[in-house]
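Below: the structure, in structure tokens.
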Amino acid sequence: MRTATLGPAQRAESLAAMAERELDVLVVGAGVVGAGTALDAVTRGLSTGLVEARDWASGTSSRSSKLIHGGLRYLEMLDFALVREALKERGLLLERLAPHLVKPVPFLYPLQHKGWERLYAGSGVALYDAMSMARGHGRGLPMHRHLSRSHALRVAPALKKDALVGALQYYDAQMDDARFVATLVRTAAAYGARVANRARVTSFIREGERVVGARVQDVEAGGEYDIRAKQIVNATGVWTDDTQSMVGERGQFHVRASKGIHLVVPKDRIHSTSGLILRTEKSVLFVIPWGRHWIIGTTDTDWDLDKAHPAASSADIDYLLEHVNSVLSVPLTRDDVEGVYAGLRPLLAGESDATSKLSREHTVAHPVPGLVVVAGGKYTTYRVMAKDAVDEAVHGLDLRVADSVTEETPLLGAEGYHALWNARARIAERTGLHVVRVEHLLNRYGSLAEEVLELVAEDPSLGQPLQAADDYLRAEVVYAASHEGARHLDDVLTRRTRISIETFDRGTRSAREAAELMAPVLGWDKDQVEREVQHYEKRVEAERESQRQPDDLTADAARLGAPDIAPK
């Protein structure tokens, strides 16, 4: 199967093609659900377009806890259907759809009470494993195990001795959420979907009460396109209500935003061979292995301020540090924090004011003819949400349409991944790269790593790491712009790589080198390189300033001190 190259020329061609001929389905929003919907639609044989106002996954889908999980805590809420569905999807992703991107991760759950807690929590984890195995999709993960206190402290020496009486260890899975979405988009494009980022829907086109298309502004090159489609799917997450208002309909449900913040600290600050899951008074706290780092999160608080750039306040950071330090023998300080990111979960509003009680289930609706809305849900079940959205859209098409095949459709890079992994030592020998570099590429691109290595073969200087971000090769920056649709420096440092949260300088020391690598691909002159670098530095400073503020209001005001996009 051919791969799709999402460079500047392909973007322009896609916008022109979408405006030229009526589509069967136009998807608005390229987070994980929108990208999944485009893939579901195009693999059923439907002519499909996908437009995104900013960058792939630039909202919620790049700012999650980066877990693919069944939702162990939903068992406690007796939401068995949601857990069963999520466990099936976890298994599919690990074993068939994206083994190059989705990996097992162990978690230790410290027990603080003798007797009853081990029985209670152990029963829950045993049921979790049993539900996974019952669906035939649990083979990729080890079963849970009970640990004594001394055994748990050998696994996680960072824990205070008095913070636990024993522990449970179980497995879930994790991925780089933004990379996963970019791969979904490229997979949809490889099957024939037309895709364009920095393409903002400004209004819907109506004929009577029916929605027949969307007016789309090209945020990059200027100009507008009228894109007509038999069915439009609104997959805009926390922006669902705003998008609905364009057709004068509030819709049949309301989406609320819940803010979750995460801290990133170096691996050596917490001595453990396993992730941790801790109870808080409001929710749960994860300490998640992340390469040479840990991700600590998350909070769960209502948010009704700027949706594009949710801000983490000083109080948010203190909250996480306080809770994780309650179990660590060597406490973390502000100086240990490399990165901070905040994301918004789209929750279907319910009766309760507490966002941790709002529904993680998803809903699909057809509020007006020609427009389908999908909202709610969780990252792990994106494929089910996408299938349900396309099923709903199909009701409005005068066509016989095939059933969804995404359960059997691996993402780009999955095919051949295991064979290349087994051959990684030979690839290292052939390319002159260290085997660790080859493993890094295979776990980010799968079999598409060969395309990155071709760039290195053409220009050996691209096989060197970035000077201030040693984990990433220079070739990856070029590849992001030439193949993955990156249009701005922010796209590369924040989403195609994770330099913005994995370095203490937040990527500012890598900004100029990365911009100069992107320039030839995107046709930037020296002035544009300078504008991109300055814009990125302003963004980082605005984020740092927001994280010094005491509350949401002042943090939001500080974060909005930086412009949204680098000027041309």
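As a basis for the values below, the full set of heavy atoms in this structure was taken, side chains included, without hydrogen atoms, waters or symmetry mates.
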**Item:** CZ-CD distance between Arg194 and Glu13, expressed to the nearest 0.5 angstrom
**Value:** 7.0 Å

**Asked** Can Tyr382 and Asp40 be counted as having a side-chain donor-acceptor contact under 3.5 angstrom?
**Response** no

**Request:** Determine, stepwise, if the pair Arg11 / Glu52 fulfils salt bridge (Lys or Arg N to Asp or Glu O under 4.0 Å).
**Result:** CA-CA 12 Å; Arg11 178 182 174 279; Glu52 161 59 45; over 6 Å; no

**Prompt:** Atom CG of Leu263 and atom CD of Gln547: how far apart are they, to the nearest 0.5 Å?
**Reply:** 9.0 Å

**Asked** If you count the non-hydrogen atoms of other residues, nucleotides and ligands that lie under 6.0 Å from CD in Glu415, is the total more than 12?
**Response** no

**Request:** I would like to know whether Leu46 and Val390 meet side chain to side chain contact (heavy atoms under 4.5 Å, CB included); could you show each step before the answer?
**Result:** CA-CA 10 Å; Leu46 298 170; Val390 177; 4.3 Å; yes

**Heavy-atom check, side chain of Asn234 versus side chain of Leu371, under 4.5 Å** = yes

**Request:** Starting at CD of Glu95, measure out to CZ of Arg90 and round the result to the nearest 0.5 Å.
**Result:** 9.5 Å

**Prompt:** Which is it for Ile68 and Phe180 under the side chain to side chain contact (heavy atoms under 4.5 Å, CB included) test, yes or no, and what are the steps along the way?
**Reply:** CA-CA 11 Å; Ile68 294 290; Phe180 189 93; 5.7 Å; no

**Prompt:** For the side chain of Arg559 and the backbone of Ser546, is there at least one donor-acceptor N/O pair under 3.5 Å apart?
**Reply:** no

**Asked** Is the shortest heavy-atom distance from the side chain of Ile261 to the side chain of Tyr319 under 4.5 Å?
**Response** no

**Message:** Consider side-chain contact (heavy atoms from CB on, under 4.5 Å). Of Leu87, Leu97, Val102, which one does Leu92 pass it with?
**Reply:** Leu97

**Item:** Lys/Arg-Asp/Glu bridge criterion (N-O < 4.0 Å) met for Arg198, Asp218
**Value:** no

**Prompt:** Which residues pass the side chain to side chain contact (heavy atoms under 4.5 Å, CB included) test with Arg179, sequence neighbours left out?
**Reply:** Leu101, Asp176, Thr183, Arg444, Tyr445, Glu484, Arg496

**Message:** If you define the side chain from C-beta out and look only at heavy atoms, does anything of Leu522 sit under 4.5 Å from Arg487?
**Reply:** yes

**Prompt:** Does the side chain to side chain donor-acceptor pair (under 3.5 Å) test come out yes or no for His366 and Gln231, once each step is laid out?
**Reply:** CA-CA 10 Å; His366 222 137; Gln231 291 287 312; 3.0 Å; yes

**Prompt:** Would a 4.5 Å heavy-atom cut-off, applied to side chains only, mark Arg495 and Ser500 as touching?
**Reply:** no

**Message:** Could you report the tightest heavy-atom contact between Arg498 and Tyr472, atom names first, then the distance?
**Reply:** N-OH, 3.3 Å

**Complete:** Output for pair (Asn197 CG, His488 NE2), nearest 0.5 Å, gives 8.5 Å

**Asked** Any sub-3.5 Å donor-acceptor pair from Ser62's side-chain atoms to Ala57's backbone N or O?
**Response** yes

**Request:** Please assess Glu220 against Arg200 for the test salt bridge (Lys or Arg N to Asp or Glu O under 4.0 Å), listing each intermediate value before the final yes or no.
**Result:** CA-CA 10 Å; Glu220 290 290 301; Arg200 183 186 306 279; over 6 Å; no

**Message:** Counting C-beta onward and ignoring hydrogens, is there a side-chain heavy-atom pair between Arg215 and Val201 closer than 4.5 Å?
**Reply:** no

**Prompt:** With a 3.5 Å cut-off and no angle check, do the side chains of Glu476 and Thr497 form a donor-acceptor pair?
**Reply:** no

**Asked** Do side-chain atoms of Lys259 reach the backbone of Ala312 as a donor and acceptor pair under 3.5 angstrom?
**Response** no

**Fill in**
Residues at least two apart in sequence or cross-chain that pass side chain to side chain contact (heavy atoms under 4.5 Å, CB included) with Ser313, listed by chain then number, are Ala315, Asp316, Asp552, Ala555

**Message:** Please tell me whether Ser61 and Asp177 have a donor and an acceptor in their side chains that are separated by less than 3.5 angstrom.
**Reply:** no

**Message:** In the structure I gave you, are the side-chain heavy atoms of Trp290 and Lys66 within less than 4.5 Å of one another anywhere?
**Reply:** yes

**Message:** Would you say the rings of Tyr379 and His69 are close, in the sense that their centroids are separated by under 6.0 Å?
**Reply:** no

**Item:** Evaluation steps, side chain to side chain contact (heavy atoms under 4.5 Å, CB included), between Leu39 and Thr43
**Value:** CA-CA 6 Å; Leu39 177 59; Thr43 52; 3.8 Å; yes

**Asked** Once you round to the nearest 0.5 Å, how far does CD of Glu502 lie from CD1 of Ile295?
**Response** 8.0 Å

**Request:** Taking all non-hydrogen atoms of both residues into account, name the closest pair between Ala30 and Val181 and its distance.
**Result:** O-CG1, 3.5 Å

**Prompt:** Would you say His100's side chain and Leu412's backbone share a donor-acceptor pair under 3.5 angstrom?
**Reply:** yes

**Prompt:** What do the steps show when you test Asp491 against Trp56 for side chain to side chain contact (heavy atoms under 4.5 Å, CB included), and what is the final call?
**Reply:** CA-CA 9 Å; Asp491 300 342; Trp56 323 132; over 6 Å; no

**side chain to side chain contact (heavy atoms under 4.5 Å, CB included) involving Thr298 - partner list, sequence neighbours excluded** = Ser65, His262, Arg345

**Message:** Side chains of Val211 and Pro369, heavy atoms from C-beta outward: is any pair under 4.5 Å?
**Reply:** no

**Over all atoms of both residues, closest heavy-atom pair of Ala53 and Val219** = O-CG2, 4.1 Å

**Request:** Keeping the roles fixed (side chain from Ser58, backbone from Arg54), state whether a donor-acceptor pair exists under 3.5 Å.
**Result:** no

**Distance (rounded to the nearest 0.5 Å) between Arg506 CZ and Arg539 CZ** = 9.5 Å

**Prompt:** With sequence neighbours left out, what residues match Thr5 under side chain to side chain contact (heavy atoms under 4.5 Å, CB included)?
**Reply:** Gln10, His483

**Message:** Could you tell me if the side chain of Phe204 sits less than 4.5 Å from the side chain of Val212, heavy atoms only?
**Reply:** no

**His535 side chain to Asp490 side chain, donor-acceptor N/O pair below 3.5 angstrom** = no

**Request:** Decide side chain to side chain donor-acceptor pair (under 3.5 Å) for Ser404 and Thr406; before the verdict, give the C-alpha distance in whole Å, the side-chain angles of both, and the deciding distance to 0.1 Å.
**Result:** CA-CA 6 Å; Ser404 174; Thr406 53; 3.2 Å; yes

**Prompt:** Are Asp24 and Ser47 close enough that a side-chain donor and a side-chain acceptor fall under 3.5 Å?
**Reply:** yes

**Message:** Could you work out, with salt bridge (charged side-chain N to carboxylate O under 4.0 Å, His left out) as the rule, every residue matching Arg383, not counting sequence neighbours?
**Reply:** Glu89, Glu407

**Item:** Residue pairs passing the salt bridge (Lys or Arg N to Asp or Glu O under 4.0 Å) test where at least one lies in residues 384-399, sequence neighbours excluded
**Value:** Arg44-Asp391, Lys387-Asp391

